[in-house]
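Let me begin by presenting the structure, written as structure tokens, before commenting on it.
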Amino acid sequence: MSQFKSEFLAILSERGFIHQISDPEGLDAAAKAGAISGYIGFDATASSLHAGSLVQIMMLRWMQKTGHRPIALMGGGTTKIGDPSFKDESRKLLSVEQIAANLAGIRQVFGKFLSFGAGPTDARMVNNADWLDHLNYIDFLRDYGVHFTINRMLSFDSVKLRLEREQPLTFLEFNYMILQAYDFLELSRRQDCVLQMGGSDQWGNIVNGIELGRRCDQRQLFALTSPLLTTSSGAKMGKTAAGAVWLNADMLSPYDYWQYWRNAEDADVTRFLKLYTELSLAEIARLGALGGAEINEAKKVLATEATAMLHGRAAAEAAAETARRTFEDGQSAAGLPTLTLDLDGGTGLLAAMVAAGFATSNGEARRSIQGGAVRINDEPVADDKLVLTRALLADGAIKLSMGKKKHVLVKPA
RNA sequence: GGGGGAGUGUCCCGAGCGGCAAAGGGGGCGGACUGUAAAUCCGCUGGCUUCGCCUUCGUAGGUUCGAGUCCUACCUCCCCCA
């Protein structure tokens, strides 16, 4: 499996990024022979990417680090259609304004992982709206539609779920795979891009692009997919109870991001270190060998390294220090997320908990209090009618906690 | 076209002879145990101005003191026959 001669594939392989490659020998030879260009598409379905996309981003990063040119494709056009792959029902269509706003949010993150420019291995960012928005329907059908048979498209696993459930798959969505295939063709022509990467759920779509390249331009293109990542207990990467693990700092603080990785399951530590950090495999092997409570050290390294890559070393160290003070010293630490409330007029505890995101309704907050989950300045609270006022301030803030892991500092308005 | 079956707590799956805020799972949250892990055990898991009030069982009507449960129409899906 890892008999790759190119540094690019060898690294991806040994770090666990590879699920399938369309023509492993061919791609390996191409990557060995010289710099190649490869892309991954990101649709603008939310205003930030989340941890589930991190594997893709890391693949682009490794591509660049091993001397190739990564292309981040913004799905400004395809998002208007919506990818139906492996979804059991169609998603709501996003407005054009919404897509533009989401795209702006998503763009930010790439600069932290890739270095952009015009040089041979500088990353590029392109938007498929540039070519998809102005396609002429009839011309497009005549030029490219002839290369796709419905028979074949219906055979893809990605649409089977929908078809088997006899859920409607609209013609609009059905076109998504054609447009994604066309993207690949466009990028091969415009950017000399020969590789498309993505999650394993994208395999069918990518292969369609390879077919199109062969038929239109007699060009050899490649596909490389990463495994669909779940945690050891089966949960999807990047989702927690509180919501998605966003990459944008304004949607998830560096502290909370650090916490997400710190709370990884034991069984995931080695795998995650390989995928989400750039530590050497030897170092990862050492960390992964730690047993019992010592593995917490490995989790801290994972959290700090992963956070440093996204938010910078300083933010990562600060998060680590805040966590250390909070969890290991049991003190309130200044780096905890803060919440500003009116303490002069007083704010009810229930309302404060909802504002802190500890509960979604007063009732839920009340039940948590009755269940003994809530503490103020580390003292358990039993009274759900309590009102937060300045009298509770300690060191300029009130530390409001729920459970062992959720802490917020309430400060006066 | 004909016949039969199904849509349940806006996370999911799923019970429900007319008295139902609705069994049971899963998931999630909290507690205990630990190592900010896993497993296990326990509690919680519609909303509110909470001894009470309000909104929930595909949609809209109807019967009834009272409907998730019965009736009518409609929507969607599954199966059999043509």
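Per chain, numbering begins at 1; letters A, B, ... match sequence-line order. None of the values given here were measured: they were computed from a predicted structure.
- Shortest non-hydrogen contact noted between A:A123 and A:Q64 is N-NE2, 3.3 Å.
- Rounded to the nearest Å, the gap between the C1' atom of B:U34 and that of B:A38 is 10 Å.
- Taking the C1' atom of each, B:G4 and B:U55 are spaced 35 Å apart, rounded to whole Å.
- When the P atom is used for both B:U69 and B:A60, the distance is 13 Å, rounded to whole Å.
- The side chain of A:K405 contributes an N or O atom lying less than 4.0 Å from OP1 or OP2 of B:A37.
- Along RNA chain B, the nucleotide nearest A:E364 and the nucleotide nearest A:A320 are compared for position; the residue whose nucleotide lies closer to the 5' end is A:A320.
- Pairing partner, B:C74: B:G58, with both Watson-Crick or wobble hydrogen-bond distances short of 3.5 Å.
- A straight line from CZ of A:F327 to P of B:U34 spans 18 Å, rounded to a whole angstrom.
- One atom, CD of A:E328, and another, P of B:G35, lie 13 Å apart when rounded to the nearest Å.
- Spacing between B:G46 and B:U10 at atom C1', rounded to whole Å, works out to 11 Å.
- Heavy atoms only, all atoms of each residue included: A:T79 and A:T45 are closest at CG2-N, 4.3 Å.
- Between the P atoms of B:G16 and B:G7, the separation comes to 10 Å (whole Å).
- Within the shown strands, B:G47 is the pairing partner of B:C53 under the Watson-Crick or G-U definition, both distances less than 3.5 Å.
- Minimum interatomic distance between A:L103 and A:A44 (heavy atoms only, all atoms of both residues): CD1-CB, 3.4 Å.
- Not one N or O on the side chain of A:N377 forms a donor-acceptor pair closer than 3.5 Å with the backbone of A:E379.
- Each of A:K300 and A:R366 lies near RNA chain B, and the nucleotide nearest A:K300 is the one positioned closer to the 5' end.
- Which of B:G47, B:A37, B:U49 sits closest to the side chain of A:K299 comes down to B:A37.
- A syn base is found at B:C20: its glycosidic angle is within 90° of 0.
- The P atoms of B:U63 and B:C11 are separated by 34 Å, rounded to the nearest whole Å.
- Ring centers of A:H147 and A:Y182: at least 6.0 Å apart, outside the cut-off.
- When every heavy atom of A:D383 is checked against every heavy atom of A:L349, the shortest pair comes out as O-CD2, 3.8 Å.
- At a threshold of 4.0 angstrom between heavy atoms, the contacts of A:A359 with the nucleic acid are absent.
- At a cut-off of 3.5 angstrom, counting only N and O atoms as typed in the model, there is a donor on one side and an acceptor on the other between the side-chain of A:D266 and the base of B:G35.
- Across all strands, A:Q259 comes closer than 4.0 Å to base atoms (heavy-atom distances).
- If you check every strand for non-hydrogen atoms under 4.0 Å, A:S368 touches nothing.
- The distance from atom CG of A:N263 to atom P of B:U34 is 19 Å, rounded to the nearest whole Å.
- You won't find any donor-acceptor pair under 3.5 Å spanning the side chain of A:R367 and the base of B:U45, going by distance alone.
- When rounded to the nearest whole Å, the span between CD1 of A:I295 and C1' of B:A39 equals 15 Å.
- Base-pair partner of B:C41: B:G31 (Watson-Crick or G-U wobble, both distances under 3.5 Å).
- With rounding to whole Å, A:K404 atom NZ is found 8 Å from B:C33 atom P.
- No more than 12 heavy atoms of other residues, nucleotides or ligands lie within 6.0 Å of NZ in A:K32, so this atom counts as exposed by the packing criterion.
- Considering only the side chain of A:M402, B:C29 comes nearest among B:A38, B:C29, B:U50.
- Going from atom CD1 of A:I369 over to atom P of B:C29 covers 19 Å, rounded to whole Å.
- With rounding to whole Å, A:R325 atom CZ is found 17 Å from B:U36 atom C1'.
- In this structure, A:N296 does not reach the B:U34 phosphate: none of its side-chain N or O atoms is under 4.0 Å from OP1 or OP2.
- Within the shown strands, nothing qualifies as a pairing partner of B:A67 under the Watson-Crick or G-U definition with both distances less than 3.5 Å.
- For a distance-only test at 3.5 Å, the side chain of A:K406 fails to qualify as a donor-acceptor partner of the base of B:U36.
- The nucleotide B:G18 finds no pairing partner, because no Watson-Crick or G-U wobble arrangement with both distances shorter than 3.5 Å includes it.
- Using a 30° and 60° split on the angle between ring planes, A:W261 and A:Y257 fall in the perpendicular class, above 60°.
- When the C1' atom is used for both B:U76 and B:G58, the distance is 8 Å, rounded to whole Å.
- Between the P atoms of B:U59 and B:C75, the separation comes to 15 Å (whole Å).
- The nearest whole Å value for the distance from the CH2 atom in A:W261 to the P atom in B:G35 is 25 Å.
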